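All values derive from a computational prediction rather than experimental measurement. The analysis underlying the following values was restricted to heavy atoms, covering all of them including side chains, and did not include hydrogens, waters or symmetry mates.
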Amino acid sequence: MVHATGSPSASHRDYVRAMLIRDSNGLFRLQLKEDANGIYIAGLPSSNAQDERLLLKCGDYLRSVDGVTVRLASLNDVTDMVRSASHSILLEVDRMTMRPSGAAAQMHSDSQHGGALGLDKVAAEWQKGSHAFLQHLQRTGEKAGDQLRQLVDAGRDQLEERGHSLQQLGGELGSQLQHH
């Protein structure tokens, strides 16, 4: 929050956007953790992928993954999103920075955020993120439904094969009993 009190510094969140690409081992090389403020980058090991990881820093808080807002998501949900991503992921993060405060800083903040609170932008971002998250959930549900149908079909095929085998075995045992 920026104060107009003339204090030497105040905290401010900067927005950073970076694309990560899976390395030659198929990994993003990204470690995430969660605290009371949200999900943050806990580690960014080096990678042989030619991506934008140098734009990110440990301690950056995730805003979105591939356009899906993750501020209200659990660490498990976000980890699943990252693991299920294809070749690359787009991360949007907030970074806490220190900057001078006072009247000039307040005016700069107001101009950047469309007013003292910028509620219109926050609401629009939340709505966009919610829609994108719902689309992600729908795609995940469809994928899970397809996988479930495949499992059911495979199980049905196995049961039919075993049923035929049991019928054959029963027939063979019946004919053997008749001969004795």
From S84 OG over to D66 CG, what is the distance, rounded to the nearest 0.5 angstrom? 8.5 Å
Can you name the closest pair of heavy atoms from C58 and A42 and give their distance? SG-O, 3.6 Å
Check for me, please, whether V68 and L32 land in the same ILVMFWY cluster - side-chain distances under 4.5 Å, paths through other members count. yes
Give every residue pair that meets the salt bridge (Lys or Arg N to Asp or Glu O under 4.0 Å) criterion with at least one member in residues 33-42, sequence neighbours excluded. none
Residues which pass salt bridge (charged side-chain N to carboxylate O under 4.0 Å, His left out) with R29, listed by chain and number, not counting sequence neighbours: D23
Going only through I, L, V, M, F, W and Y residues with side-chain contacts under 4.5 Å, is there a path from V65 to V16? yes
Between L62 and V93, what is the shortest heavy-atom contact and its length? CD2-CG1, 3.7 Å
Taking all non-hydrogen atoms of both residues, which atom of A73 and which atom of I39 are closest, and how far apart? O-CD1, 3.6 Å
How would you list all residue pairs meeting salt bridge (Lys or Arg N to Asp or Glu O under 4.0 Å) that involve residues 41-54, not counting sequence neighbours? D51-R53
Is any side-chain heavy atom of K57 closer than 4.5 Å to a side-chain heavy atom of I41? no
Do the side chains of M81 and L90 join up, straight or via other hydrophobic residues, at under 4.5 Å, putting them in one cluster? no
Does L54 have any side chain to side chain contact (heavy atoms under 4.5 Å, CB included) partners at least two apart in sequence or in another chain, and if so, which? none
Is any side-chain heavy atom of L20 less than 4.5 Å from a side-chain heavy atom of V82? no
Using ring pair (Phe, Tyr, Trp, His ring centres under 6.0 Å) as the criterion, list what pairs up with F28, not counting sequence neighbours. none
How long is the straight-line distance from CG of D80 back to CG of L75, given to the nearest 0.5 Å? 9.5 Å
For S24 and N48 the tightest heavy-atom approach is OG-ND2, 2.6 Å
If you link ILVMFWY side chains whenever their heavy atoms are less than 4.5 Å apart, which other residues fall into the same cluster as Y40? By chain and number, please. Y61
Taking all non-hydrogen atoms of both residues into account, name the closest pair between S86 and R22 and its distance. O-NE, 2.7 Å
Note: D94-R71 ion pair, threshold 4.0 Å (strictly below): yes
side-chain contact (heavy atoms from CB on, under 4.5 Å) between L91 and D60, worked out: CA-CA 10 Å; L91 299 180; D60 288 347; over 6 Å; no
